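Values in this document were obtained by computation on a predicted structure and should not be read as measured data. If you read the sequence from its start, that first residue is 1, and numbering goes on from there.
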Amino acid sequence: MNGGGYAPVAAARRQRPMPADRLTSNSNETGLLINVIRSLTSSVSEDQREVEKSRLEKGYKESGALIDRLVKNHQQDVEKCLVSFRDVSSKISNCRERIHNVRNALHTVKSLLELRRDDLKKLWHENAQQKSVCDILAKLEELREAPSKIENLISKEQYQQAADTVTESRELINGRLARVEGLSHLSAEIERFAKVLIDRINDTLVNMLVVEPFEKHLFHIIRTIPEHRINQNPYCSSLLTKSRSGSGPVSSFHNTSGKSRILSSVDALSTLFRTVEERNWDVDRLMMLGKNMIDKMIVNTVQVMKIGAGIDESNEGDTTHLKQLMQLLSSQFDSASQKHAEFGVLVEKQLGRNDVLTSFWRSAQSAIEVVVSEHLDINPLLEKQNMMGSVGRKQLFRFENTACAAPNTTSSSHQAKAVICKPSAYNIKVIFPILSRLMETTEKNINDSPCELRRFMHSFVMRVFVERVKGELASRIEGALRGGEAVRISSNKKILPSCEKVLTLCKDIHDLIISLELYADRFAALWILVLTDYFKNMTDVYEKMTPKTSDPSMPSSESAPTRCQKISAAWTADDDISRLLMSLPNWHTASMSPMTPAVESEQDVGERNKKESEILIGNLGHQAQNSLNENNLITDMNDIKMFASLHESLRWFSDEIRELVYSLPAPVKLMLDTCMVQVQLKDGQMIDNNSVPSAIEDCVRRLESIADSCLLLLHIEIRVHCFFHLAPLVKYRNTSSNNEVDPEVVALGKDLHQFHDNLKDVLSPSKLSYVFDGLGHLCASLFIHYSQFMPRLTEAAKKRVCRNVWGVQQRLSRITNRRESDLDRARAFFDLLLDNTPDGILAIVPEKRSLFSATELNYLLALSVRSDKTLSNQPGALEKRQSILNSILSK
């Protein structure tokens with residue numbers, strides 16, 4: 001038998017068919033043998049038998065010899081076959097004997113079993129009962145040791161093994177040992193440790209999902225704080241201890257052990273909770289614990305930042321610290337989101353919940369809303385009620401400090417810890433860009449747009465902040481422009497303080513537009529509102545300073561004299577005159593940037609001075625001689641300085657506003673280009689369907705128009721003074737002194753000096769040049785123009801006129817620091833009158849015709865004839881000489 005207990009079986013033998021020839025031979029031999037036997041038995045003859053017998057014996061001997069020979073040749077094979085045969089025969093005999101013995105034994109056992117069947121059955125039952133009792137005792141022993149085993153596994157953080165032990169214990173108590181009495185205490189103990197295990201797992205998960213991601217970013221801050229300040233706060237001390245021991249979240253945040261701990265915890269929860277309801281309950285509870293921990297970690301983060309920045313009651317934080325806080329919170333939430341994403345994958349796989357990340361970001365939004373509300377000085381609950389359209393009820397009692405009060409992370413004591421700087425609605429400027437990134441991240445993770453945080457911020461910005469900013473802007477602009485503030489001139493600045501204040505408002509709005517890009521259209525509307533109000537105010541100021549007509553119904557007093565219309569203001573308001581004066585090159589020169597010097601040749605200067613003088617003399621020459629009085633002039637130098645300040649302020653203000661608009665980011669500009677507004681001006685005019693940048697530019701241009709009017713008014717006013725003081729010089733007067741100029745020249749010089757003294761510190765050099773350049777040409781033109789109205793001049797009167805020209809030139813040169821060569825032409829005009837007779841003047845006309853125009857030469861010739869004692873009484877003397885002059889000029 002082989003190793004498997006089976007005896008070998010010989011292969012079946014197959015008989016090969018014999019060949020046909022051999023078969024025939026055998027049959028022949030057999031037939032021969034039968035014939036021999038038959039012949040022996042049937043033969044009667046003895047001889048025949050003997051023959052046959054001899055033949056048979058002979059054949060027998062031959063066969064025997066053949067057999068002997070064959071046996072001899074195969075002696076060894078034959079011996080082996082005999083030995084093998086004997087062995088096989090003996091084995092077969094032994095097997096037969098053993099089989100016989102087994103058969104006898106079986107017959108014996110059968111007979112015995114039939115006799116003891118009931119006894120064996122009873123013994124088997126007793127053995128099974130004994131075995132079951134031993135198994136139950138072993139399970140009871142395991143159950144008795146289960147609480148200590150669970151406690152030991154919990155202490156080692158082997159949560160999966162502890163969960164398996166709890167599950168096995170529950171199955172025993174509720175299964176095989178359900179009918180065992182006296183296990184209620186042990187069952188309660190196991191359930192108690194099961195709750196401890198669940199709490200420990202939840203705490204571990206909260207620590208890995210929230211605490212470690214938050215503390216990972218606090219370690220960088222805690223290392224920069226002096227140790228004596230760290231010891232003032234227990235939490236900072238614990239962070240420092242973790243940092244030194246190397247057991248903090250930085251070392252375990254991304255390693256494999258942390259992920260395996262999360263996996264082990266999730267597997268343990270999956271083992272402990274079998275039903276879907278239980279699993280959902282625990283996940284909800286875990287998310288609530290995470291929410292509470294987020295609130296706590298935010299408070300801890302604020303404390304660490306306060307200690308790091310040295311912020312206390314005596315040293316308040318600012319918006320820089322708030323921005324750093326929000327950036328830190330954003331990084332902390334991003335890290336916690338990564339851990340929740342990993343946790344959410346495991347929970348979805350093991351527990352069937354796929355809303356872990358969504359729940360985290362909802363909790364994060366709530367926490368961010370609280371922090372934002374505290375720093376923006378708003379009530380988050382009230383804002384939510386306003387956003388939902390509900391009306392809150394006033395609480396009659398408060399229960400925050402009672403024993404049964406639920407934990408409230410938004411209580412007043414809690415809020416006091418989570419503020420890093422003074423609450424203000426304007427804090428939104430520094431935190432809104434960070435909040436925008438958080439809102440985008442939230443919407444990306446929860447697939448919900450807009451998210452709750454965005455709706456909260458939209459409600460705050462649209463319902464609270466914009467209105468608050470609008471109210472504060474109205475109050476601030478009212479304070480800047482109230483009463484005399486709008487026209488108050490600073491003692492050491494050329495810009496009006498009111499203009500600086502309004503620009504500060506515009507810069508604040510500009511900052512709001514950049515910080516809160518999503519609401520740029522709302523703040524741009526406030527910007528336009530401020531500009532429109534300022535334009536209305538500046539228009540009122542200008543109109544008050546330049547009344548069109550005097551109001552006789554209003555009494556005048558010394559403190560508030562009645563204003564009457566000024567010639568310079570009337571000319572500035574006249575579209576034709578102002579357009580003509582602004583078309584001259586000197587206006588464009590004054591309007592150019594100081595950094596861009598104007599290039600103007602002497603010929604160009606002479607041409608534009610000549611053109612301007614012609615315009616002014618043509619409009620004011622006759623009026624100045626007849627009806628011009630001091631009431632038509634601006635004699636109060638404070639008004640002059642005010643016009644200059646108003647011009648420089650509005651020009652500076654316009655440039656600054658354009659710079660603010662230019663500095664807006666491209667996306668904001670694109671948004672504002674598509675936002676159409678309606679603007680109502682002071683006169684009730686409405687501007688519709690205008691984009692925000694166009695509306696702002698329109699307001700700026702209107703302000704620039706007021707500024708240009710102020711500069712043009714100063715330019716005209718100082719020339720009106722020249723008309724006022726030089727026009728009386730045409731009258732005849734008897735002067736006894738030959739060395740003094742007329743009082744009008746002295747008064748003109750005084751006015752010019754006052755103008756210069758009040759304008760030089762306010763106007764820029766190019767604007768100051770615009771005001772004073774060309775005065776020499778105008779005065780020279782006035783002297784020559786008024787010569788036609790002069791009566792007969794004596795020699796003394798001629799010298800007086802020359803002294804007056806020289807006196808004006810001297811006084812003007814002191815101001816402009818130039819010779820004022822244009823007045824040399826006026827002196828040459830009267831020098832010709834002094835040195836030549838009318839005929840002498842005709843003689844030198846060909847030489848002087850390039851210096852004077854034909855009209856001026858006619859004035860000179862007429863005055864010379866009037867001053868000649870002989871010719872002045874001759875009829876036709878002037879006409880004759882004028883005819884000669886015309887013929888000379890026509891050549």
Side-chain angles (χ1 to χ4, degrees), residues 206-207 210-226 228-243 248-249 290-337 360 363-381 400 407-435 437-438 453 456-457:
V206 169
N207 185 68
V210 179
V211 177
E212 290 183 1
F214 272 73
E215 289 185 348
K216 179 188 74 169
H217 298 275
L218 295 180
F219 273 84
H220 303 291
I221 300 176
I222 207 70
R223 294 191 184 101
T224 62
I225 305 176
H228 69 277
R229 280 161 52 189
I230 293 178
N231 295 330
Q232 298 175 2
N233 185 275
Y235 180 71
C236 292
S237 301
S238 65
L239 279 180
L240 182 61
T241 303
K242 289 181 182 179
S243 176
K291 181 180 183 301
N292 295 335
M293 184 55 69
I294 288 173
D295 296 336
K296 182 178 179 181
M297 289 307 300
I298 289 177
V299 175
N300 292 337
T301 300
V302 174
Q303 290 180 357
V304 173
M305 286 202 64
K306 279 186 174 181
I307 294 175
I311 299 174
D312 51 23
E313 295 180 356
S314 60
N315 183 21
E316 292 185 352
D318 53 20
T319 54
T320 303
H321 299 109
L322 176 59
K323 182 177 181 180
Q324 294 173 355
L325 171 63
M326 296 306 299
Q327 290 174 340
L328 178 59
L329 291 178
S330 177
S331 301
Q332 290 174 330
F333 281 120
D334 288 340
S335 300
S337 177
F360 162 74
S363 301
Q365 290 179 86
S366 300
I368 294 171
E369 286 178 13
V370 173
V371 175
V372 170
S373 301
E374 291 170 348
H375 287 89
L376 297 184
D377 193 21
I378 59 175
N379 185 346
L381 179 59
E400 284 91 344
N408 182 12
T409 58
T410 60
S411 63
S412 59
S413 60
H414 181 85
Q415 289 179 358
K417 300 178 182 178
V419 177
I420 199 169
C421 67
K422 184 179 179 181
S424 171
Y426 284 92
N427 288 338
I428 194 174
K429 293 193 298 184
V430 297
I431 66 176
F432 191 80
I434 304 172
L435 292 177
R437 292 193 293 270
L438 273 174
L453 180 59
F456 170 77
M457 292 307 301

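Checked against ring pair (Phe, Tyr, Trp, His ring centres under 6.0 Å), Tyr426 has the following partners two or more places apart in sequence or in another chain: Phe465.
For Lys216 and Ser335, the side-chain atoms include at least one donor-acceptor pair closer than 3.5 Å.
The shortest distance between side-chain heavy atoms of Leu376 and Ile431 falls below 4.5 Å. At least one side-chain heavy atom of Val299 sits less than 4.5 Å from a side-chain heavy atom of Gln303.
Note that the CG atom of Asp334 and the NE2 atom of His217 stand 7.5 Å from one another [nearest 0.5 Å]. One distance of note links CZ of Arg437 with CE of Met326; it measures 10.0 Å at 0.5 Å rounding. The distance from the CG atom of Asn300 to the CE atom of Met293 is 8.5 Å, given to the nearest 0.5 Å. Atom NZ of residue Lys323 and atom CD1 of residue Ile420 lie 14.0 Å apart, to the nearest 0.5 angstrom. Rounding to the nearest 0.5 angstrom, the gap separating the CD1 atom in Ile221 from the CD1 atom in Ile307 is 11.0 Å. To the nearest 0.5 Å, atoms CD (Glu374) and CG (Leu322) are separated by 11.0 Å.
Here the closest heavy-atom approach between residue Leu325 and residue His375 is recorded as CD2-CE1, 4.1 Å. When all heavy atoms of Phe214 and Ala336 are compared, the closest pair comes out as CE1-CB, 4.2 Å. Met457 approaches Ile428 most closely through the heavy-atom pair CE-CD1, 3.6 Å. Nearest heavy atom pair, residue Asn207 against residue Pro213, reads O-CD, 4.3 Å. Pairing each heavy atom of Gly290 with each of Val206, the nearest pair is N-CG2, 4.1 Å.
Using a distance-only test at 3.5 Å, with no hydrogens or angles considered, a donor-acceptor pair links the side chain of Asn427 to the main chain of Lys422.
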Self-check item: From CA spacing to verdict: side-chain contact (heavy atoms from CB on, under 4.5 Å), Phe333, Ile368
Solution: CA-CA 10 Å; Phe333 281 120; Ile368 294 171; 3.7 Å; yes
Quiz prompt | Chi angles and distances behind the side-chain contact (heavy atoms from CB on, under 4.5 Å) call for Tyr235, Glu215 | solution = CA-CA 11 Å; Tyr235 180 71; Glu215 289 185 348; 3.1 Å; yes
Exercise. Assess whether side-chain contact (heavy atoms from CB on, under 4.5 Å) is satisfied between Gln324 and Met305, documenting all intermediate values.
Key: CA-CA 9 Å; Gln324 294 173 355; Met305 286 202 64; 3.7 Å; yes
Practice problem: Applying side-chain contact (heavy atoms from CB on, under 4.5 Å), run through Asn231 and Ser237 and close with a yes or a no. | Solution: CA-CA 6 Å; Asn231 295 330; Ser237 301; 4.0 Å; yes
